[in-house]
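Order of listing sets the numbers, starting from 1, for every ligand and every atom in it.
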Amino acid sequence: MISHSTTHAVLFPFMSKGNTIPIFDLALLLLTRKISITIFTTPANRPFFSDSLSDTNINIIQIPFPENIQGIPPGVESTDKLPSMSLFPPFANATKLMKPHFEKALDSLPPVTFMITDDFLGWTLDSANKFDIPRLVYYGMSAFSMAFSISAASILRTEVSDDEPFSVPDFSGIEITRNDFDVPLREREPKGPGYEFVMEQLMATSKSYGMLVNSFYELESVYVDYCNCVASPKLCCVGPFCAVHEPPKVGS
Ligand SMILES: *[C@@H]1O[C@H](CO)[C@@H](O)[C@H](O)[C@H]1NC(C)=O
């Protein structure tokens, strides 16, 4: 039972194991700070959540995953179950249809102090704003990868060939190639659903309260400082999340 006076965080990981597992670790970290937690998932992912978070008093809420999405087999609610990662754009885009359920659940919760939702769930910003809750973005990669994606973007739009090394503009001495990047960033003229999805998430992130990275400042200070100089919102290193191994005892 979450009292009205406690700090209460809502967590909403993306439906990929690699995005979810660090959020479990983050949840344990927040519990050690006496923060009450409500975490959102979908019915097929629920057992994974209940098993991983047993022994904690984290409140798990499941909301339905959208049905009848073209290309997505029924019952698939996690990217590791997708027949092909080419189905990622429709899968990720379909999560938008969870918004009414998310908002209905938010409405029924004790006051929420802040929410941490995955970078891929940009639509949650709109819900956060509706309920006047600050949205922090969980960004599943490092400051290093973000800094390079920002800095190299202008070169990737040029004719530079796939395997020809080029210097990353703001990091002299470091060379990479187009092929070091994934689609859609790798493309000369990125377009299509995958790219639109990335742009939508970037836009939502830029309007959010802050970004949390599972890293620590001393590890990649140059890249954290760079991101905080050229982009907003502020990127905060609050990791490594896995530093907490023992969940606080229920009731303590
Ligand atoms: C993404 O989802 C929205 C809402 O369901 C839909 O209107 C839109 O057509 C979808 N876009 C793509 C590229 O699938």
Side-chain angles (χ1 to χ4, degrees), residues 10-20 23 38-46 48-49 61-109 112 115-141 145-146 149-150 153 156-157 178 181-209 211 231 233:
V10 157
L11 305 182
F12 198 166
F14 186 70
M15 302 79 194
S16 283
K17 296 292 186 292
N19 296 51
T20 298
I23 296 295
T38 299
I39 195 163
F40 280 81
T41 187
T42 66
N45 290 303
R46 168 112 194 190
F48 179 58
F49 277 58
I61 295 188
Q62 68 182 51
I63 53 178
F65 192 83
E67 289 176 353
N68 304 319
I69 306 299
Q70 198 174 2
I72 312 295
V76 170
E77 300 181 6
S78 180
T79 56
D80 55 298
K81 300 277 195 310
L82 284 174
S84 155
M85 273 312 271
S86 65
L87 293 169
F88 178 80
F91 178 88
N93 186 57
T95 64
K96 284 178 197 164
L97 298 169
M98 299 169 78
K99 196 163 169 244
H101 303 283
F102 182 54
E103 293 180 358
K104 191 162 166 242
L106 282 180
D107 203 28
S108 70
L109 287 175
V112 177
M115 65 167 79
I116 302 171
T117 62
D118 195 281
D119 172 49
F120 289 156
L121 301 174
W123 54 265
T124 56
L125 173 65
D126 198 38
S127 309
N129 288 342
K130 216 175 269 183
F131 288 84
D132 214 10
I133 301 168
R135 178 210 180 203
L136 291 145
V137 182
Y138 167 65
Y139 182 70
M141 297 197 288
S145 67
M146 172 166 286
S149 304
I150 296 170
L156 295 172
R157 297 297 91 81
R178 177 184 297 285
F181 290 86
D182 281 329
V183 172
L185 289 181
R186 181 162 74 203
E187 288 154 9
R188 285 175 186 79
E189 289 177 39
K191 54 181 178 303
Y195 182 63
E196 280 160 32
F197 177 76
V198 169
M199 294 315 286
E200 270 175 20
Q201 309 323 305
L202 279 177
M203 185 58 71
T205 295
S206 73
K207 294 179 186 160
S208 297
Y209 191 78
M211 286 180 85

Ring centre gap for Tyr138 and Phe12 strictly below 6.0 Å: no
Ser16 and Asp80 side chains, donor-acceptor separation under 3.5 Å: no
Ring centroid separation Phe65 to Phe91 under 6.0 Å: yes
Any donor-acceptor N or O pair under 3.5 Å, side chains Ser127, Glu103: yes
Check against side chain to side chain contact (heavy atoms under 4.5 Å, CB included), Thr117 and Arg135: CA-CA 7 Å; Thr117 62; Arg135 178 210 180 203; 2.7 Å; yes
Sidechain N-carboxylate O distance under 4.0 Å for Arg46, Glu77: no
Contact table, ligand 1 N/O with protein N/O, distance under 3.5 Å:
unit_1: ligand 1; atom_1: 2 (O); unit_2: Asn93; atom_2: OD1; d: 3.3
unit_1: ligand 1; atom_1: 2 (O); unit_2: Asn93; atom_2: ND2; d: 2.4
unit_1: ligand 1; atom_1: 11 (N); unit_2: Asn93; atom_2: ND2; d: 2.9
unit_1: ligand 1; atom_1: 14 (O); unit_2: Asn93; atom_2: ND2; d: 3.1

